[in-house]
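Structure record follows, encoded as structure tokens.
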There are 2 protein chains.
Amino acid sequence: MSLDKKDQQLLTLLQSNARTSVSELATTVSLSDTPCLRRIKKLEASKVISGYHAALNPRALGLNVLVYAFVRLSQNSVSAANMFEEQVEKLNHVLECSVISGSYDYLLKIIAADLESYESFVKHKLGSINCIANIESTVVLKQTFSKKQLPL
Amino acid sequence: MSLDKKDQQLLTLLQSNARTSVSELATTVSLSDTPCLRRIKKLEASKVISGYHAALNPRALGLNVLVYAFVRLSQNSVSAANMFEEQVEKLNHVLECSVISGSYDYLLKIIAADLESYESFVKHKLGSINCIANIESTVVLKQTFSKKQLPL
DNA sequence: GGTGAAATTTTAGGTGC
DNA sequence: GCACCTAAAATTTCACC
């Protein structure tokens with residue numbers, strides 16, 4: 001899939017605001033509505049655009065704590081990994097799960113109401129997955145920024 | 001701002017698909033269009049919904065490498081921190097910047113085309129910020145999952 | 001890539017419960 | 001607070017050039 005200048009502009013605009021109307025997008029990129037819409041549909045069909053999502057303000061929902069948790073499993077078997085990944089995906093407070101290089105196996109991005117509920121979450125929810133050897137939590141003291149824009 | 005059951009349903013639906021029409025949302029949550037739209041506008045005005053963003057597929061854009069980089073500054077002054085945060089925000093490949101607890105000062109989420117361009121990025125772009133003492137890179141070998149859904 | 005028209009959606013106003 | 005109705009404005013989407 002090759003992206004020309006106009007495709008890139010459209011992607012930038014849609015990443016910034018997914019609800020921009022096609023006619024406004026078309027005007028901005030100097031196209032008329034139909035070819036503009038055709039491009040967007042093509043970007044969706046080719047999975048360059050994977051979806052459109054409302055971003056919520058965690059604070060407004062009472063979610064004030066963000067933590068990166070490093071996890072090491074007690075066994076390096078495929079079945080332990082699969083079971084861990086399956087279990088952890090069910091936990092709504094875990095927003096992201098990555099297999100990483102280095103001395104830990106996984107990096108989890110976890111959100112919680114406060115440090116107390118995070119502690120409780122680690123103890124009762126994460127802790128109940130029995131193939132975990134140990135967990136190291138890195139608390140985010142402040143999010144300097146978070147971009148919704150990929151470099152093109 | 002208090003959220004009742006219907007507000008929560010709307011938030012879940014919009015996080016999953018920001019382009020769902022109001023009438024479809026209204027049907028799903030058992031409301032008619034007008035009150036449904038009023039709720040959405042209220043959620044936007046009160047900043048519970050901070051925006052709507054198209055999510056792109058990094059692979060389709062040739063961005064195959066994701067890295068978490070831990071950064072320690074050489075001085076613990078406010079001015080060094082401000083200058084670092086300001087400089088790093090200008091770098092398009094840095095998607096996220098967090099002040100963290102522990103032995104490092106910052107955790108950066110960085111995306112790049114491949115490991116070679118990541119190396120080059122760290123050397124020339126990050127490296128040019130002179131208050132950095134050292135950087136430790138944790139490469140993401142595989143994203144198990146990434147949710148666009150906050151727990152309600 | 002563009003035009004024009006149809007179909008759909010958004011948005012607002014008004015009534016009554 | 002909501003349902004229901006109506007209707008204008010805006011937007012999406014289509015066949016066709």
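Below, chain A is the first sequence line, B the second, and so on; all start at residue 1.
- At a cut-off of 3.5 Å, with distance as the only test, a side-chain donor of A/Glu44 or A/Tyr52 sits close to an acceptor on the other residue.
- Residue A/Arg59 qualifies as open at atom CZ: its count of foreign heavy atoms under 6.0 Å is 12 or below.
- Between A/Phe84 and A/Tyr106, the distance separating the two ring centers is shorter than 6.0 angstrom.
- The neighbour count for A/Glu89 CD, taken as heavy atoms of other residues, nucleotides or ligands under 6.0 Å away, is above 12.
- Looking at the side chain of A/Lys41, the nearest of the listed nucleotides D/dT11, C/dT10, D/dT13 is D/dT13.
- In this entry the distance linking CD of B/Glu24 with P of C/dT9 reads 9 Å, nearest Å.
- With hydrogens and angles left out, the side-chain atoms of A/Ser117 and A/Asp114 include a donor and acceptor closer than 3.5 Å.
- The residue A/Arg19 sits apart from the nucleic acid: no heavy atom pair falls under 4.0 Å.
- Look at CG on A/Leu37: it is 14 Å from C1' on D/dA15, rounded to the nearest Å.
- To the nearest angstrom, C1' of D/dC2 lies 12 Å from CG of B/Asp4.
- Other residues, nucleotides and ligands contribute at most 12 non-hydrogen atoms within 6.0 Å of the NZ atom of A/Lys125.
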Please write out each protein N/O paired with an N/O of nucleotides 3-5 of chain D under 3.5 Å, distance rounded to 0.1 Å.
| from | atom 1 | to | atom 2 | distance (Å) |
| --- | --- | --- | --- | --- |
| D/dA3 | OP1 | B/Ser30 | O | 3.4 |
| D/dA3 | OP2 | B/Ser32 | N | 2.9 |
| D/dA3 | OP2 | B/Ser32 | OG | 3.0 |

